[in-house]
Structures are given as structure tokens and as C-alpha cells.
Amino acid sequence: MSAQIITWDLVKKIHTIKGAMKLTEGDYRAMLGGYGVDTCKDLQYSQAVDMLDKLETQAVSMGVWEKRSGKGKYEGLGNRPGKAAPSQLRMIEAMWAEVSRQDTAQARAEALGKFVKRITGIDHITWLGPADVRKVARALQTMKTQKRETANE
């Protein structure tokens, strides 16, 4: 599997959050250095998503950023050829929330990641293709049906 190229939307969002945090150039370069690159345009897609998550978490804790959830989530990924649409990723998360037993959003996200890996062999939800989405949705629907049947017994 070849490394996926970072999208322009991710570059823009990284720089937008960097600006909101008033991150110094030295701190920003040090963060990029942790990924072995000098510019965010050289990040692999998975690295960019990871960096963006870290920046968002930091910016939210500083009170300079509001993490978007719901309809806008995953929109920064855009429509990628051969990959799941943002709406499909939100659908999977919503279905997971219905069957998940985790109490916190972070625990749910981690459990979903493990579930997706077990069902598809793919490490991250954002890397799913349309066929993978169908597999995960089918498995989640089965879990939902089983949960409902168990509750009715």
C-alpha cells in the first residue's frame, strides 16, 4: 500500500490552528521534526491526521479552538478517490455510538479503531474505502440487531 498524499484541506487546517494557537515557528518546526519532515506538505496523510489531532487537542485546551463534531466532522478530508466520504465516516461513528459500551468519546474512538482494524484490517477509519464501509456498516447493523434481541429477552 503506497503512502497517501496529504490533502490541501489538511494543510490549510494545520496552518489555521497553528495561527490560532500563535505557535512559534520554532515550536512548529520542532513538531514537524518529530515526523521527520520540514514542511507539513511533506507529511504522509496518516501523519498529517495525527498532527492535526494533536494540534486540535492542544488548541481546544488553550481555549483558542472549538473542535467541530457532528455534520462538519471529516469534511477536511474532502472527497478522496477510492476512499470513504466524510458522510460515510460520520455514519459509522453514529452506528458505533449506538452499540458501543464505552463511556467517553475517547474510549469510544479507540474501541472503534480496534473494531475497524478487526473487521477490515485497516488501521484508521479515515483510510476506509467504500467496500470497507459496507463491511463495517453490515457488522455494526448485526451488532445492533443482536443488542436489540438481547434487550427483548
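Treat the numbers as computed from the prediction; the structure is a model and nothing was measured.
Taken to the nearest 0.5 Å, the OG1 atom of Thr126 stands 8.5 Å off from the NZ atom of Lys83. Here the CE atom belonging to Met95 is positioned 15.0 Å from the CZ atom belonging to Arg90, to the nearest 0.5 angstrom. Here the CE atom belonging to Met51 is positioned 6.5 Å from the SG atom belonging to Cys40, to the nearest 0.5 angstrom. Distance check, rounded to the nearest 0.5 Å: CD1 of Ile92 to CD1 of Ile125 gives 5.0 Å. Atoms CG and CD1, on Leu52 and Ile17 in that order, are 4.5 Å from each other to the nearest 0.5 Å. Of the inter-residue distances, the one linking Arg29 atom CZ with Leu32 atom CG reads 6.0 Å to the nearest 0.5 angstrom.
Salt-bridge formation is not detected for the pair Glu110/Lys114: no Lys NZ or Arg NE/NH1/NH2 atom is positioned less than 4.0 Å from an Asp or Glu carboxylate oxygen. Residues Lys147 and Glu98 are not paired through a salt bridge, judged by the lack of any N-O separation under 4.0 Å between the basic side chain and the carboxylate.
Within the 4.5 Å cutoff, the side chain of Gln88 has no heavy atoms near those of the Arg134 side chain. At a threshold of 4.5 Å between non-hydrogen side-chain atoms, the residues Lys117 and Ile122 do not count as touching. Between Trp96 and Lys144 the shortest side-chain heavy-atom distance does not fall below 4.5 Å. You'll find the side chain of Gln58 stays beyond 4.5 Å of the side chain of Lys54, heavy atoms only. Thr120 places none of its side-chain heavy atoms less than 4.5 Å from the side chain of Trp127. Looking at heavy atoms from C-beta onward, Tyr28 lies in side-chain contact with His15 at the 4.5 angstrom threshold. Contact check for Leu43 versus Leu10: no side-chain heavy atoms found under the 4.5 Å cut-off. No side-chain heavy atom of Gln141 sits under 4.5 Å from any side-chain heavy atom of Arg138.
Across all their heavy atoms, Gln44 and Gln47 have their closest contact at N-OE1, 2.8 Å. Closest heavy-atom contact between Leu89 and Ala84: CD2-CB, 3.8 Å. When all heavy atoms of Ile119 and Ala139 are compared, the closest pair comes out as CD1-CB, 4.1 Å.
Side-chain contact annotation: Glu93 with Tyr74, donor-acceptor N/O pair under 3.5 Å present. A donor atom on one side chain and an acceptor atom on the other are not found under 3.5 Å apart for Asp42 and Thr39.
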Go through it in stages, so that I can follow the logic: the residues are Lys13 and Glu56, the test is side-chain contact (heavy atoms from CB on, under 4.5 Å), and I'd like the CA-CA distance, side-chain angles, deciding distance and then a yes or no. CA-CA 10 Å; Lys13 192 165 184 181; Glu56 271 189 329; 3.0 Å; yes
Quick one: do Thr145 and Thr142 satisfy side-chain contact (heavy atoms from CB on, under 4.5 Å)? Show the steps, please. CA-CA 5 Å; Thr145 302; Thr142 300; 5.7 Å; no
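With Arg148 contributing its side chain and Met143 its backbone, the two residues share no donor-acceptor pair below 3.5 Å.
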